[in-house]
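No experiment lies behind these values; they were computed from the predicted model shown. Every chain is numbered from 1, with letters handed out A, B, ... down the list of sequences.
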Amino acid sequence: MNSILTVSQINSYIAFKFKDDYRLRGIFVQGEISNFVNHKKTGHFYFTLKDNSSSIKAIMFSSSACNLSFIPENGMNVIVYASIQAFERDGVYQLYVTDIQPSGVGALYLAFEQLKEKLSKENIFSEENKLPIPRFPKNIGIITSKSGAALQDILNILSRRYPLVNVTVIPSLVQGNDAPESISNAIIKAQKTDCDLLIVGRGGGSFEDLSAYNTEVVARAIYNSKIPIISAVGHETDTTIADYVADLRAPTPSAAAELAVPDITNLSQLIKDNNIRLKNVVLKLIDNKEAYLKKLKISPNEFNNKIAYNQMKLNQYKEKLNQKMNQIILSKKNNLEKSKVKLELISPLNVLERGFALVYDEDKLVKRITQVNKGNIVKIQISDGYVLAEIKEIKAGKGD
Amino acid sequence: MILDFESSLKKLEEIIKQLEDGNLSLENALILYKEGSELSESCQKQIENAKLIVEEISAEGN
């Protein structure tokens, strides 16, 4: 009693007391996280757990922290599994945490939300990064459990709908701790095959069963795939991170198979329809050409009409030609008649008829008195003969 | 020179016009008339020939 103790002694004693009390080991403590520090270098988490009126320091070493599926945040309500020990150097006691569970929502769900938000910020889900699904895939890679019902479902539907397609099965684990790495590796391996479409998935299960598809490593493998990926995880109601990243989300593995390939029945009907359409189009084309050709052809009737028309024209010309020629002949004849009349009018015989006489001296017509001499015998021509007369007198001037 | 039907017909028409115009000597008119008659006959022959061909072809067609 009353002996003087050192600080180390008292802290050591207190540490011993904490260690000795089994009630402070393996306890669950509920509280709100504050002052959270994720020590990058060491990977240890440091934080304070508090409630309305009190708080306690907490530490989670990296060996435990790395097993957490989510990252604690300030304000988060959690239940920690811990022991309470004194830290002798500083004379403080604190929680040595080995596990943290979010209270209210499950840890996996929280992890899911956190990863979704993180990847969403990186635009990994954005539509513009999605690859188009080939309409007629040649080789489909299926990444799922070799023994799962999902594989059988997919194979059944593929062979029924589209037997033309090749299938390459790239087996992967679908649940358990190694599943994320296994799925991711299978996707990476698929890049070296000649697959032109991948289906990644598994059949239904609990949220935890599907958790491999909610991991970052799987999400990144899907994102980095150069081959389009259809995700097919669980049932219709399950939506995983893989579904968000995939180029197409199928609600179930069976649905993935249906989305992956066209139905050959429809396809052959489509081909038939197209064949009929093609034939009809060509027939119609020929019909049109034929109709056009018919239009171009002159029917004998039309040609006969043309001949008849030309014949008519020719007849007209013939008639005209003759008519004109006859007219010319007629007018020439008229002219001749007129000339005849004129000729008759100026004929001297005609003048004699009217009582005139022509006087010839030695067959020369006497027109001047100077042409004759007294005593000449001249011939006087009258209408019905001539008389001979002797010139008795020559006198100038117009006769009286 | 053998003219085609249309040209012959045109020539014939010209001849008729010349005859209409008058002021032609009878000799020239006769020369033109003779030429016109020959043209007209040649046209008639061409028409007969065309008729024949059409008949032959339409007989083949039926």
Side-chain angles (χ1 to χ4, degrees), chain A residues 279 282-350, chain B:
Chain A
K279 201 175 145 192
V282 171
L283 283 179
K284 199 169 177 201
L285 197 81
I286 292 173
D287 277 356
N288 287 344
K289 296 283 174 203
E290 199 180 9
Y292 184 61
L293 185 66
K294 271 184 184 161
K295 243 169 123 186
L296 288 182
K297 256 191 188 166
I298 299 171
S299 74
N301 276 346
E302 271 177 86
F303 205 76
N304 281 336
N305 287 344
K306 203 175 173 186
I307 291 175
Y309 172 76
N310 280 326
Q311 178 70 72
M312 189 190 77
K313 211 169 173 188
L314 183 62
N315 288 347
Q316 278 176 3
Y317 284 170
K318 268 188 195 169
E319 208 176 302
K320 254 190 181 171
L321 183 72
N322 284 326
Q323 198 184 325
K324 292 300 157 198
M325 195 59 219
N326 284 337
Q327 266 177 21
I328 288 171
I329 291 171
L330 201 67
S331 84
K332 296 284 175 194
K333 207 173 150 193
N334 273 345
N335 289 347
L336 188 63
E337 289 298 326
K338 277 180 197 162
S339 302
K340 266 188 189 166
V341 171
K342 269 186 193 163
L343 189 67
E344 249 169 58
L345 282 176
I346 57 164
S347 157
L349 296 176
N350 220 340
Chain B
M1 183 178 71
I2 295 169
L3 291 170
D4 63 69
F5 182 83
E6 301 302 332
S7 309
S8 300
L9 214 59
K10 207 176 167 194
K11 192 88 195 284
L12 185 55
E13 197 177 8
E14 279 166 12
I15 287 170
I16 291 169
K17 259 189 193 155
Q18 270 176 280
L19 287 176
E20 263 175 347
D21 282 349
N23 296 333
L24 284 170
S25 67
L26 187 58
E27 285 76 10
N28 284 342
L30 276 172
I31 288 167
L32 280 174
Y33 177 72
K34 199 177 166 228
E35 196 186 339
S37 295
E38 279 166 8
L39 280 170
S40 149
E41 200 177 324
S42 134
C43 284
Q44 185 61 48
K45 263 186 194 159
Q46 285 179 63
I47 280 181
E48 296 302 333
N49 196 29
K51 266 185 194 166
L52 200 67
I53 288 170
V54 169
E55 270 166 27
E56 271 175 12
I57 289 173
S58 66
E60 271 170 25
N62 290 337

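Taking CD1 from A/I307 and CD from B/Q46, the interatomic distance works out to 11.5 Å, rounded to the nearest 0.5 Å. Of the inter-residue distances, the one linking A/I328 atom CD1 with B/L19 atom CG reads 4.0 Å to the nearest 0.5 angstrom. With rounding to the nearest 0.5 Å, the separation of CG in A/L321 from CG in B/L32 is 9.0 Å. Rounded to the nearest 0.5 angstrom, A/M312 CE and B/I47 CD1 are separated by 10.5 Å. Note that CG of A/L314 is 9.5 Å distant from OG of B/S8, once rounded to the nearest 0.5 Å. Taking CD from B/E41 and NZ from A/K318, the interatomic distance works out to 8.0 Å, rounded to the nearest 0.5 Å.
By the side chain to side chain contact (heavy atoms under 4.5 Å, CB included) test, B/I31 pairs with B/N28, sequence neighbours left out.
Across A/K313 and B/L9, no two heavy atoms sit closer than the pair CD-CD2, 3.8 Å. A pairwise comparison of heavy atoms in A/Y317 and B/L12 identifies CB-CD2, 3.4 Å as the closest pair.
Each of A/E319, A/Q316, A/Q323, A/K320 was scored for a side chain to side chain contact (heavy atoms under 4.5 Å, CB included) with B/I16, with one residue passing: A/K320.
Counted within 6.0 Å of NZ on A/K332, heavy atoms from surrounding residues, nucleotides or ligands total more than 12; the atom is thus considered enclosed.
Contact annotation for B/L39: neither backbone nor side-chain heavy atoms come within less than 4.5 Å of a heavy atom of chain A. With a 4.5 angstrom heavy-atom cutoff, A/N322 touches chain B via backbone and side-chain atoms both.
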